[in-house]
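The block underneath contains the structure these notes are about, expressed in structure tokens.
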Protein chains: 2
Amino acid sequence: MSVTLTEENYLKAIYHISQMTKTDVSTNAIAEKIDAKASSVTDMLKKLSDKGFITYIKYKGVNLTEKGRLTAVDIIRKHRLWEVFLVDKLNFSWDEVHDVAEQLEHIKSPKLIKELDAFLDFPTHDPHGDPIPDKDGQIKRTDKIILSKAEVGGTYKCVGVQDSSTDFLKYLDKHQIQIGTELTVKDIEDFDHSMTFTIHQHNMTMSKAITNNIYVKKLQ
Amino acid sequence: MSVTLTEENYLKAIYHISQMTKTDVSTNAIAEKIDAKASSVTDMLKKLSDKGFITYIKYKGVNLTEKGRLTAVDIIRKHRLWEVFLVDKLNFSWDEVHDVAEQLEHIKSPKLIKELDAFLDFPTHDPHGDPIPDKDGQIKRTDKIILSKAEVGGTYKCVGVQDSSTDFLKYLDKHQIQIGTELTVKDIEDFDHSMTFTIHQHNMTMSKAITNNIYVKKLQ
DNA sequence: TTTAATTTTTAGACAACTCTAAAAATATGT
DNA sequence: ACATATTTTTAGAGTTGTCTAAAAATTAAA
Ligand SMILES: [Mn+2]
Ligand SMILES: [Mn+2]
Ligand SMILES: [Mn+2]
Ligand SMILES: [Mn+2]
């Protein structure tokens, strides 16, 4: 009983939504993520439920079963490994990789992923700082915090992004912020929570819309 | 007007058949290659004709238009570049690559192929000795001949295979024959046209079923 | 708590691709 | 040339995944 490309995309969407909300995943939330109508989602939920990937109770939302979670995480593993490949080996920038990885993540070949993993020297994180699940579906949770929660005087290292849209990544590139960049919080405005940092010996101010989309780790 | 994965597979099949037969490509020949029923093929031929990829006259068979030929050759280019990648970088053997390449050839990203080509150092041939079309659809024809047409006393270098099924490639591996292997024709049986060679300082006999599937180039 | 707004599901339909069965066209053999 | 065999096309239908419109269930508001 194989998994179609469309089913894989639904499972991935359900996984990502459940990571955010931690409650039952709603039909509408999936519809928005997949860019389909709610009625289409309902149809698919029945199929995924029949196949044992989700538990689905009418009007109550869905949850991934262990089988569904493993399938979703395996696709995410492939997606992120391919993103590393594109950036490390094929000169893609981090804002160019997502659409291609969306296609490559559906290639079915266990040997391919095993060898790609080794070829890339077993990376633990993708170009956006997201952890790469291991072959058993384990994900290393990092102690990252959202930049908007940082404290004045603290020094932090950029470890990932929340929004990995091309627009946002281009903004970061323009201001020379990438994974690994260090920043020190100089000031936080009470009014709009905009923050001023020292980055690369320069001062820079970011709105909350920005700081809400950057993950950092506090440096000792 | 995009090309679906299925349409791509039909175009590729038509291209490969037309390379063999050089006459109009028949519905049945396509059906056999695609592993579908003739009625399904007829449906698809109408669609490909409407889209301008083939010229199709009922009951008369089909031919690729220039647009169709370029599309087919571009897929073949991608297929063969991925095969090189799998063998050169990911430790696949030449009998393992085809099925994965069948999937990878449909990934749509011009930058991906451009960069992959450069990463592989602009290979001209795939692991089976088949030429890789360039980005403009040009294919370098080699002066290869089929091994069964070789002459007693001549020395030849193996440059490709006709049949790239796993079974055949495993046979070649077992007898240590690969692209580049040199062989000298010692004898040809009149009765069944089986041929005896010197290969790697050893003598070996092959049936016509084998020699009909190996391409060689005569060494001066 | 009754009404209104929102969410979700059903009903019916369509596009892409496939099939079986039967009809039409073409090719082959005597 | 005529009958037979083969190839190809049509007719009708099934599957997957999508949609719109309308009904049913749930949630929010008055
Ligand atoms: Mn991505
Ligand atoms: Mn990523
Ligand atoms: Mn191949
Ligand atoms: Mn090949």
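Numbers restart at 1 for each chain; the letters A, B, ... are given by sequence-line order, proteins then strands. The basis for the numbers below is simple: all heavy atoms, side chains too, and nothing from hydrogens, waters or symmetry mates.
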Is any side-chain N or O of [X] closer than 4.0 Å to OP1 or OP2 of [N]?
X: B:Tyr10; N: C:dA16; result: no
X: B:Asn28; N: D:dT8; result: yes
X: B:Thr4; N: C:dA16; result: no

Distances for protein N or O near nucleotides 10-13 of chain C N or O, under 3.5 Å:
residue, atom, partner, partner atom, Å
C:dT10, OP1, A:Lys58, NZ, 2.6
C:dT10, OP2, A:Lys46, NZ, 2.8

Within this structure, what is the [atom1]-to-[atom2] distance between [X] and [N], rounded to whole angstrom?
X: B:Leu5; N: C:dA16; atom1: CG; atom2: C1'; value: 12 Å
X: B:Ile30; N: C:dT18; atom1: CD1; atom2: P; value: 12 Å
X: A:Leu45; N: C:dT8; atom1: CG; atom2: P; value: 10 Å
X: B:Ile34; N: C:dC19; atom1: CD1; atom2: C1'; value: 16 Å
X: B:Met44; N: D:dT8; atom1: CE; atom2: P; value: 17 Å
X: A:Ile57; N: C:dT9; atom1: CD1; atom2: P; value: 11 Å
X: A:Glu32; N: C:dT8; atom1: CD; atom2: P; value: 12 Å

Just jot down the side chain to side chain contact (heavy atoms under 4.5 Å, CB included) partners of [X], sequence neighbours excluded, or say none.
X: B:Asn63; result: B:Asp24, B:Thr55
X: B:Glu8; result: B:Val3, B:Ile75, B:His106, B:Lys108
X: B:Asn91; result: A:Glu115

Could you list the residues that satisfy side chain to side chain donor-acceptor pair (under 3.5 Å) with [X], not counting sequence neighbours?
X: B:Lys89; answer: none
X: B:Lys170; answer: B:Asp95
X: B:Thr21; answer: none
X: A:Lys51; answer: A:Glu7

(request) List for me each residue that meets ring pair (Phe, Tyr, Trp, His ring centres under 6.0 Å) alongside B:Phe85, sequence neighbours excluded, and say none if there are none. (result)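 Residues passing ring pair (Phe, Tyr, Trp, His ring centres under 6.0 Å) with B:Phe85: A:Phe85, B:Trp82.
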
(request) Report the residue (A:Glu7 or A:Tyr59) whose heavy-atom-nearest nucleotide on DNA chain D is the more 5′ of the two. (result) A:Glu7

(request) Return the nearest nucleotide to the side chain of B:Lys37; candidates are C:dC19, D:dT8, D:dT18. (result) C:dC19

For residues 141-152 of chain A, please give each side-chain donor-acceptor pair under 3.5 Å, one per line with the distance, not counting sequence neighbours.
residue, atom, partner, partner atom, Å
A:Ser148, OG, A:Asn212, OD1, 2.8

(request) Would you check, one step at a time, whether the test side chain to side chain donor-acceptor pair (under 3.5 Å) holds for A:Asn28 with A:Ser26? (result) CA-CA 5 Å; A:Asn28 265 0; A:Ser26 75; over 6 Å; no

(message) Within the structure provided, determine whether A:Lys135 and A:Ile113 are in side-chain contact (heavy-atom separation under 4.5 Å).
(response)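 A:Lys135 does not reach A:Ile113 side chain to side chain.
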
(request) Could you list by number each residue of residues 17-26 of chain A showing a heavy-atom separation from DNA chain C of less than 4.0 Å, or answer none if no residue does? (result) A:Ser26

(request) Please list, by residue number, the residues of residues 68-76 of chain A whose heavy atoms come closer than 4.0 Å to an atom of DNA chain D; answer none if no residue qualifies. (result)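 Residues of residues 68-76 of chain A under 4.0 Å from DNA chain D: none.
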
(message) Return the CG to CG distance between B:Leu172 and B:Asp167, rounded to the nearest 0.5 Å.
(response)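 So the gap between those two atoms works out to 11.0 Å.
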
